[in-house]
Amino acid sequence: MSIRRTSKSRRAVAAASMAAVLALVVTGCGGDDGGTTKDPGSSSTKPSDGDKGAKEDTAAGDQVDENVKLAQVKGQNDVLLVVNEVKRDSGGFVTVQGELKNNGDRSVNPAAWAGSESVIVRKNLNSVGGATLVDKAGKKRYYILRDTDGRCLCTTGIRPLPPGKSIPVFMQFPAPPDTTTEVDLSLPSFATTSLKISE
């Protein structure tokens with residue numbers, strides 16, 4: 001074999017090897033993770049088809065015992081707010097977790113629960129962002145916490161609630177002083193209820 005033919009063969013092998021390496025690099029950078037990529041800025045979960053209805057933005061930490069009912073508050077259109085837990089957390093906030101249940105015979109639009117504050121409504125339409133806590137002893141009202149983008153630390157993306165369906169919800173507020181053990185929870189279109197804070 002001549003030197004010229006050997007040189008051509010080596011170049012062909014080198015080119016084929018380089019093409020194979022490039023193909024592997026491109027495949028590795030494709031980011032294909034089986035279709036499970038999520039938007040890092042999104043805290044929503046996909047709704048299930050179960051009896052709980054839509055379950056978007058409902059995670060707030062620990063699982064809550066749904067059998068514990070600290071309060072039940074009736075709202076408009078036969079919607080019931082059941083509060084399962086009001087817990088003071090070490091981060092300086094209070095988390096309220098519960099469930100909204102449609103006991104009526106028609107679907108309920110959740111828009112009113114976001115309240116009328118423009119920043120909350122604009123960033124958190126169909127949320128429970130209109131909720132407030134009142135420390136009667138300290139004479140202070142607490143609004144739902146929000147992040148630097150104005151999104152509330154509460155359940156958002158709530159879809160119209162069909163009859164007989166329910167959805168778990170959470171709301172996070174700045175914590176009142178440690179001496180405050182009871183607060184009043186208000187959510188637009190619901191009656192106000194008094195709740196004891198657990199540690």
Side-chain angles (χ1 to χ4, degrees), residues 35-64 66 69-87 89 91 93-134 141-174 183-193 195:
T36 59
T37 302
K38 293 183 180 177
D39 179 0
S42 172
S43 59
S44 299
T45 56
K46 290 187 178 180
S48 68
D49 294 326
D51 288 341
K52 292 293 180 183
K55 292 187 179 180
E56 298 199 7
D57 285 353
T58 55
D62 300 334
Q63 292 295 319
V64 175
E66 294 179 1
K69 293 179 175 61
L70 301 180
Q72 295 189 54
V73 189
K74 289 184 179 179
Q76 292 176 353
N77 302 317
D78 293 320
V79 178
L80 185 68
L81 169 63
V82 179
V83 179
N84 304 112
E85 183 178 81
V86 182
K87 187 176 181 182
D89 295 297
F93 51 89
V94 168
T95 302
V96 177
Q97 297 200 59
E99 180 180 61
L100 287 166
K101 184 173 183 180
N102 184 356
N103 289 328
D105 55 5
R106 59 185 173 144
S107 187
V108 175
N109 186 337
W113 305 332
S116 58
E117 190 180 351
S118 60
V119 173
I120 290 288
V121 172
R122 188 171 62 248
K123 296 274 188 177
N124 306 284
L125 190 62
N126 297 339
S127 71
V128 288
T132 60
L133 284 185
V134 174
R141 181 183 304 272
Y142 296 90
Y143 294 90
I144 283 185
L145 291 167
R146 48 192 103 143
D147 65 17
T148 54
D149 292 326
R151 292 184 297 249
C152 72
L153 300 184
C154 67
T155 302
T156 61
I158 302 173
R159 295 181 180 157
L161 198 56
K165 299 293 184 180
S166 60
I167 179 173
V169 293
F170 81 95
M171 300 154 253
Q172 290 184 330
F173 303 88
V183 289
D184 287 351
L185 173 68
S186 294
L187 181 64
S189 80
F190 288 85
T192 299
T193 184
L195 301 166

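If you're wondering where the values come from, they're calculated on a predicted model, not measured in any experiment.
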Under 4.5 Å between any side-chain heavy atoms of [X] and [Y], yes or no?
| X | Y | answer |
| --- | --- | --- |
| Phe173 | Leu185 | yes |
| Val183 | Val94 | no |
| Leu133 | Asp184 | no |
| Arg151 | Arg146 | no |
| Asn126 | Asn109 | yes |
| Lys165 | Ile167 | no |
| Tyr142 | Val134 | no |
| Val108 | Trp113 | yes |

What is the distance from atom [atom1] of [X] to atom [atom2] of [Y], rounded to the nearest 0.5 Å?
| X | Y | atom1 | atom2 | answer |
| --- | --- | --- | --- | --- |
| Met171 | Thr155 | CE | OG1 | 7.0 Å |
| Ser127 | Leu153 | OG | CG | 11.0 Å |
| Thr95 | Leu145 | OG1 | CG | 8.5 Å |

Considering all heavy atoms of both residues, which atom of [X] and which atom of [Y] are nearest to each other, and what is their separation?
| X | Y | result |
| --- | --- | --- |
| Gly104 | Pro163 | O-CB, 3.3 Å |
| Lys69 | Val82 | CG-CG1, 3.6 Å |
| Gly164 | Lys101 | O-CE, 4.5 Å |
| Ser107 | Asn102 | CA-ND2, 4.0 Å |
| Cys152 | Gly129 | SG-CA, 4.2 Å |
| Val128 | Val169 | CG1-CG1, 4.3 Å |

Inspect the surroundings of CZ in Phe93 and state if more than 12 heavy atoms from other residues, nucleotides or ligands are less than 6.0 Å away. yes
For the CG atom on Asp149, are there more than 12 heavy atoms of other groups (residues, nucleotides or ligands in this structure) within a distance under 6.0 Å? yes
Could you give the side-chain donor-acceptor pairs of residues 70-80 under 3.5 Å, partners two or more places apart or in another chain?
unit_1	atom_1	unit_2	atom_2	d
Asn77	OD1	Arg106	NH2	3.0

